[in-house]
J.: 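Please read through the structure below; I'll follow up with questions.
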Amino acid sequence: MGITDRILADHASRKDHDGVAWFTAADLARLGIQDALFTVMQTVQHTLKLRRARHVVESHGCTDRWSVQDAG
């Protein structure tokens, strides 16, 4: 399973009532992802764009976490 698929599976199991799940370096380690936090964010963001997925990846100005959100 690729990085984006692991992130999306974790998002699906942890998202809040607004459809948002935040990811930190600890979350990536728990998922067995060794890459840097924002490298993973960029990978996931790019892959979702290529897939035309209905998710949004945002950092909202945070430097220690980023989120995946359901987008319609």
J.: Locate the shortest heavy-atom distance separating V44 from W66; write the atom from each residue and the value.
T.: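 Heavy atoms of V44 and W66 come nearest at CG2-CH2, 4.2 Å.
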J.: So how far is it from Q45 CD to M41 CE, rounded to the nearest 0.5 Å?
T.: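 Spacing of CD (Q45) from CE (M41) equals 4.5 Å.
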J.: Taking it one step at a time, do I7 and L28 satisfy side chain to side chain contact (heavy atoms under 4.5 Å, CB included)?
T.: CA-CA 8 Å; I7 293 292; L28 299 184; 3.7 Å; yes
J.: Among residues at least two apart in sequence or on other chains, which ones pass salt bridge (Lys or Arg N to Asp or Glu O under 4.0 Å) with K49?
T.: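 Listed in chain order: nothing, the list is empty.
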J.: What's in the same ILVMFWY side-chain cluster as W22, cut-off under 4.5 Å, chained through other members?
T.: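 Besides W22, the cluster holds V20.
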J.: When rounded to the nearest 0.5 angstrom, what is the spacing between CG in D64 and CG in L37?
T.: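 Rounded to the nearest 0.5 Å, the CG-CG separation comes to 8.0 Å.
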J.: At their closest point, which heavy atom of D16 faces which heavy atom of D18, and how far apart are they?
T.: OD1-N, 2.9 Å
J.: Can you sort out the partners of R30 under salt bridge (Lys or Arg N to Asp or Glu O under 4.0 Å), two or more places apart, ordered by chain and number?
T.: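 Checked R30 against salt bridge (Lys or Arg N to Asp or Glu O under 4.0 Å); matches are D10, D27.
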J.: Enumerate donor-acceptor pairs with a distance under 3.5 Å from any side-chain N or O in residues 50-62 to protein atoms, sequence neighbours excluded.
T.:
unit_1 : atom_1 : unit_2 : atom_2 : d
R51    : NH1    : D5     : OD1    : 3.0
R51    : NH2    : D5     : OD1    : 3.1
R54    : NH1    : G72    : O      : 3.2

J.: Output the distance between atom CD (Q34) and atom CD1 (I3), rounded to the nearest 0.5 Å.
T.: 10.0 Å
J.: So, R6 side chain and L31 main chain: donor-acceptor pair closer than 3.5 Å or not?
T.: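 Yes; judged by distance alone, with no hydrogens or angles, the pair exists.
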J.: Applying salt bridge (Lys or Arg N to Asp or Glu O under 4.0 Å), can you list everything that pairs with D35, at least two apart in sequence or on another chain?
T.: none
J.: Quick one, K15 and V68 - any side-chain contact, counting heavy atoms below 4.5 Å?
T.: no
J.: What's the spacing between I33 CD1 and F23 CZ if we round to 0.5 Å?
T.: 8.0 Å
